[in-house]
Amino acid sequence: GAVVSQHPSWVICKSGTSVKIECRSLDFQATTMFWYRQFPKQSLMLMATSNEGSKATYEQGVEKDKFLINHASLTLSTLTVTSAHPEDSSFYICSARRGQAPGEQYFGPGTRLTVT
Amino acid sequence: AQKVTQAQTEISVVEKEDVTLDCVYETRDTTYYLFWYKQPPSGELVFLIRRNSFDEQNEISGRYSWNFQKSTSSFNFTITASQVVDSAVYFCALSPGAGANNLFFGTGTRLTVIP
């Protein structure tokens with residue numbers, strides 16, 4: 001159990017367009033979902049934390065108007081990169097927290113975004 | 001402030017050698033959790049272990065073992081008799097507080113096991 005999927009696994013888009021990435025917990029309800037960003041050969045940086053039905057909490061330095069997060073249900077969170085630019089090209093990873101066990105996060109396979 | 005340091009950027013070992021990946025952390029919280037994750041070339045993070053700050057017992061799981069020492073704020077990871085399939089990037093992470101909601105990752109150590 002505890003499978004998290006992401007769609008798409010990779011996407012190429014043109015500068016100025018918007019891209020939506022979905023994160024789903026397939027076999028459990030996620031009280032909280034997290035979005036991370038990973039640049040090549042670098043660590044994961046937390047972008048935002050979202051709880052179902054409420055606004056996401058963004059980390060310092062992350063533009064909330066650029067990275068729109070919607071957590072519409074206990075199994076789905078979406079990240080929309082609006083007006084994407086080449087510097088937004090990165091590996092985006094979501095994770096979902098199951099239950100209240102400390103740190104019990106399950107990670108999705110990631111989405112590689114390339115903005116041309 | 002929370003910080004995780006993995007000083008070893010890249011390590012190469014020959015198959016069957018033992019290898020230790022270092023992790024040093026900083027936090028002011030008295031309750032916190034430490035993690036190790038494996039990220040193979042496919043990109044998906046694989047959970048390896050979680051340890052809370054009150055449990056300093058070392059743990060062994062097959063070829064993997066972990067040494068947690070609060071006195072030196074370290075949580076090192078040893079792979080015994082390494083195999084090619086162990087080649088990956090390994091991340092150490094810290095989650096402060098009892099709720100352990102946020103994960104702070106180290107910069108990762110890329111391990112290459114040479115056949």
Side-chain angles (χ1 to χ4, degrees), chain A residues 1-11 21 23-24 26 28 30-51 54 56-60 62 90-114, chain B residues 1-11 21 23-25 27 29-55 68 75 88-112:
Chain A
V3 178
V4 177
S5 70
Q6 278 184 245
H7 178 80
S9 54
W10 60 270
V11 57
I21 302 170
C23 176
R24 292 181 185 272
L26 297 185
F28 66 99
T31 53
T32 305
M33 287 185 169
F34 305 85
W35 287 95
Y36 295 84
R37 183 173 182 177
Q38 185 181 28
F39 289 105
K41 296 190 177 183
Q42 293 190 28
S43 188
L44 283 77
M45 299 298 295
L46 179 66
M47 297 175 65
T49 303
S50 73
N51 293 294
S54 60
T57 302
Y58 291 81
E59 295 299 304
Q60 193 173 7
V62 177
S90 189
F91 193 53
Y92 292 88
I93 303 173
C94 75
S95 71
R97 182 170 178 177
R98 181 179 69 177
Q100 298 301 314
E104 192 173 357
Q105 289 187 34
Y106 298 90
F107 287 83
T111 297
R112 187 162 302 283
L113 170 63
T114 302
Chain B
Q2 329 295 335
K3 186 178 180 181
V4 177
T5 302
Q6 293 180 256
Q8 305 150 308
T9 306
E10 296 190 27
I11 300 177
L21 309 182
C23 173
V24 175
Y25 62 92
T27 180
D29 289 71
T30 53
T31 301
Y32 53 88
Y33 291 80
L34 296 165
F35 302 79
W36 275 96
Y37 288 90
K38 174 182 180 181
Q39 188 179 39
S42 60
E44 184 168 355
L45 279 168
V46 177
F47 167 83
L48 296 178
I49 189 172
R50 176 183 68 214
R51 178 52 50 89
N52 75 55
S53 53
F54 299 107
D55 182 3
F68 176 29
F75 187 43
V89 180
Y90 291 86
F91 290 98
C92 180
L94 164 72
S95 191
N101 219 20
N102 295 346
L103 283 171
F104 294 87
F105 285 85
T107 49
T109 298
R110 181 177 298 277
L111 173 66
T112 302

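This structure is a prediction, so every number in the text was calculated from the model and none was measured. Numbered from 1 within each chain, the chains take letters A, B, ... in sequence-line order.
Considering all non-hydrogen atoms of both residues, Glu44(B) and Gly108(A) come closest at CG-O, 4.0 Å.
One distance of note links CG of Leu46(A) with CG of Asn102(B); it measures 5.5 Å at 0.5 Å rounding.
Residues Leu103(B) and Phe34(A) are not in side-chain contact: their nearest non-hydrogen atoms beyond the backbone lie 4.5 Å or more apart.
Judged as a side chain to side chain donor-acceptor pair (under 3.5 Å), and not counting sequence neighbours, Gln6(B) has no contacts.
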Please tabulate, for the side chains in residues 37-44 of chain A, all donor-acceptor contacts under 3.5 angstrom to protein atoms that are two or more places apart in sequence or on a different chain.
{"residue": "Arg37(A)", "atom": "NH2", "partner": "Glu87(A)", "partner atom": "O", "Å": "2.7"}
{"residue": "Gln38(A)", "atom": "OE1", "partner": "Gln39(B)", "partner atom": "NE2", "Å": "3.0"}
{"residue": "Gln38(A)", "atom": "NE2", "partner": "Gln42(A)", "partner atom": "O", "Å": "2.9"}
{"residue": "Gln38(A)", "atom": "NE2", "partner": "Gln39(B)", "partner atom": "OE1", "Å": "3.1"}
{"residue": "Ser43(A)", "atom": "OG", "partner": "Gly106(B)", "partner atom": "O", "Å": "2.3"}

